[in-house]
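The figures that follow rest on heavy atoms only: side chains count, while hydrogens, waters and symmetry mates do not.
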Amino acid sequence: MTTYDLSEFKNKKIALVLSGGVVKAAAWHIGVTLALEELGFSLKGNRTSNANETMPKKHSLEIGTYVGSSAGAMISIFLACGYTPQEIINGAFGLTKGEMKRLTYLDMFYLNKFKLRPKMKDLYQPLESFPKLFRNLLSPLMNFPGFFSTEGVRRYLLDGILEFDSFEDFVPDLFIVGTKLDHSQKTIFSRYNYPNPSHDATAHYQTGVKVSDAAAASMAVPPFYAPFPIINPVSGQKDYYIDGEIRETLSTHVAEDNGCDIIISSWTHTPYHYHDEVGSLINYGLPSIAIQSIYLLIQKKIVSSRAKRATGLDILNTVSEYMKQEKFTNAHRRDILAILERKLNINPNVKLIDIYPTHHDYQLFFANSFSLNPKVASHAVKAGYKRAMQILSQPEFL
């Protein structure tokens with residue numbers, strides 16, 4: 001059996017950042033956490049912390065910060081509650097009967113029962129120049145904010161998962177990311193009122209919101225789900241929220257803001273690359289083309305972010321080596337590097353690890369993102385597990 005030396009992870013503050021992607025991504029995240037657990041990482045949660053509260057020493061490989069968007073918010077909540085990866089895959093996906101409540105299609109596809117009317121009807125008429133036939137066919141859909149509501153998921157959390165509905169009642173640090181509909185604002189729901197992140201003045205930390213509401217807001221993916229309303233605890237105003245990854249796909253900065261040393265990110269947005277046995281996506285219709293388009297956009301954002309960080313680290317290392325050669329004093333060198341770190345918005349002491357599918361796994365690409373079929377979930381779980389083991393076995397971690 002392969003052994004892994006993860007000594008550089010020990011006694012560090014570790015975060016797990018989980019992306020969206022509906023059920024497929026949730027299953028992938030579970031596979032990743034199964035691998036982390038097998039490698040010796042401890043997943044901090046309310047139930048596990050209560051069971052181990054008599055232990056005097058903190059676990060040396062403890063993951064104690066969870067940052068989740070959309071489906072990643074759901075898995076983050078499960079883990080923060082103290083459910084193990086095995087309990088989640090068996091319970092939420094209904095593989096076996098257990099303590100955990102099963103997630104159903106009725107929870108996922110809760111019908112949106114309200115229909116809103118615009119205050120200024122003449123302001124926006126998307127079908128104005130269309131032929132009358134098309135206007136008659138499409139106009140009934142135009143006033144709906146979404147086909148379904150995440151209210152069903154919110155009720156699922158309240159009825160069978162959450163013992164507490166306040167961020168303050170969680171032992172681990174839990175962050176859920178949403179996007180404000182009527183603003184260019186990304187909102188990070190948590191118990192911490194941190195300052196706006198330096199890299200994005202439009203990002204905002206929000207306290208005083210219930211966990212179930214934050215989760216429903218983060219999972220409101222347009223156009224499938226209607227924006228979810230939350231009453232602002234400060235202003236009393238009703239704000240509407242959509243998917244937490246609209247503005248930024250992986251909120252690793254949240255884990256940095258929380259003082260984490262190592263950030264493990266799990267995501268599934270890997271575009272399809274041509275395979276002879278599969279052929280072109282043109283043969284598989286609009287859904288596959290739409291998924292590919294979304295994945296291309298998301299992957300580009302992640303790759304650009306990582307490339308910017310790599311460039312910043314290279315600048316810091318180059319300047320540091322130059323100052324060493326020129327016999328700068330250590331104090332002078334540290335001061336200059338500190339200035340550069342602030343200007344580049346980079347902390348060289350933070351380690352980022354991305355766990356994502358390879359381009360060869362076209363079966364995962366084609367998997368139905370909304371399917372609760374155990375066979376579909378099983379492949380995603382196994383793929384996430386295998387990929388996590390593969391990445392953490394690379395020489396830099398051994």
- Kindly indicate, with the supporting measurements, whether the criterion side chain to side chain donor-acceptor pair (under 3.5 Å) is fulfilled by Asp173 and Tyr192. CA-CA 9 Å; Asp173 290 331; Tyr192 299 111; 2.6 Å; yes

In terms of hydrophobic clusters joined by side-chain contacts under 4.5 Å, are [X] and [Y] together?
X	Y	value
Leu61	Leu34	yes
Phe147	Leu372	yes
Val350	Leu316	no
Leu111	Val153	yes
Ile188	Val234	no

With distance as the sole test, does [X] use its side chain to make a donor-acceptor pair with the main-chain N or O of [Y] at under 3.5 Å?
X	Y	answer
Asn46	Gly82	no
Glu245	Gly20	yes
Ser149	Glu151	yes
Asn196	His204	no
Tyr385	Thr33	no
Asp200	Pro197	no

Quick one: are [X] and [Y] in side-chain contact, heavy atoms under 4.5 Å?
X	Y	result
Lys44	Thr65	no
Ile289	Ile282	yes
Asp257	Tyr205	yes
Val209	Asn232	no
Phe78	Glu87	no
Thr187	Gln185	yes
Asp213	Arg154	yes
Thr150	Tyr110	no

What orientation do Phe41 and Phe9 show, parallel under 30°, tilted 30 to 60°, or perpendicular over 60°?
perpendicular

Inset, instruction - Report the C-alpha separation of Gln237 and Ile231 in whole Å, then their side-chain angles, then the decisive distance to 0.1 Å, and conclude whether the side-chain contact (heavy atoms from CB on, under 4.5 Å) test is met. - result: CA-CA 6 Å; Gln237 177 181 338; Ile231 301 298; over 6 Å; no

Residue set satisfying ring-ring contact (aromatic ring centres under 6.0 Å, His included) with His275, at least two apart, ordered chain then number -> Tyr272, His360, Tyr362

How about [atom1] on [X], more than 12 heavy atoms from neighbouring residues, nucleotides or ligands closer than 6.0 Å, or not?
X	atom1	result
Glu168	CD	yes
Lys24	NZ	yes
Tyr322	OH	no

Residue pairs passing the ring-ring contact (aromatic ring centres under 6.0 Å, His included) test with at least one member in residues 289-316, sequence neighbours excluded, are His269-Tyr295, Tyr295-Phe365

Notebook entry, point to check: Is any side-chain N of the basic residue among Lys13 and Asp261 closer than 4.0 Å to the acidic one's carboxylate O?
Noted result: no

Give a yes or no on whether a salt bridge exists between Lys301 and Glu248, defined as a side-chain N under 4.0 angstrom from a carboxylate O. no

task = Could you check Cys81 against Phe170 for side-chain contact (heavy atoms from CB on, under 4.5 Å), going step by step and ending with a plain yes or no?
result = CA-CA 7 Å; Cys81 285; Phe170 280 86; 3.8 Å; yes

Quiz prompt | side chain to side chain donor-acceptor pair (under 3.5 Å) between His29 and Ser266, worked out | solution = CA-CA 6 Å; His29 297 328; Ser266 173; 2.7 Å; yes

Test Met74 against Leu157 for side-chain contact (heavy atoms from CB on, under 4.5 Å), laying out the working first. CA-CA 9 Å; Met74 176 76 84; Leu157 290 172; 3.6 Å; yes

> Under 6.0 Å from the six-membered ring centre of Tyr356 and within 45° of its axis: does the NZ or CZ of Arg387 meet both?
Replying inline: yes

Quiz item: Is the Phe167-Phe175 ring centre distance short of 6.0 angstrom?
Solution: no

Which heavy atom of [X] sits nearest a heavy atom of [Y], and at what distance?
X	Y	answer
Glu8	Ile262	O-CD1, 3.8 Å
Ile30	Pro85	CG2-O, 3.5 Å
Ser190	Leu174	CB-O, 3.6 Å
Val177	Ser251	CG2-OG, 3.8 Å
Gly68	Ser218	O-OG, 4.3 Å
Ile346	Gly312	CD1-C, 3.9 Å

CZ of Arg334 to OG of Ser320, rounded to nearest 0.5 Å, is 11.0 Å

Output for pair (Leu39 CG, Leu392 CG), nearest 0.5 Å, gives 6.0 Å

Derivation and outcome, side chain to side chain donor-acceptor pair (under 3.5 Å), residues His379 and Asp361: CA-CA 10 Å; His379 174 78; Asp361 193 355; 3.2 Å; yes

List in chain and number order the residues that pass side-chain contact (heavy atoms from CB on, under 4.5 Å) with [X], two or more places apart in sequence or in another chain; answer none if no residue qualifies.
X	answer
Ile246	Thr179, Ile242, Asp243
Ile315	Thr311, Val319, Leu344
Arg306	Leu250, Thr252, Ser265, Ile302, Leu352, Asp354
Phe370	Val22, Met108, Phe109, Phe224, Tyr225, Asn368

- Query: Stepwise, does the side-chain contact (heavy atoms from CB on, under 4.5 Å) test hold for Ile353 with Ile263?
  - Reply: CA-CA 6 Å; Ile353 302 167; Ile263 304 170; over 6 Å; no

I would like to know whether Thr249 and Trp267 meet side chain to side chain donor-acceptor pair (under 3.5 Å); could you show each step before the answer? CA-CA 9 Å; Thr249 303; Trp267 48 281; over 6 Å; no

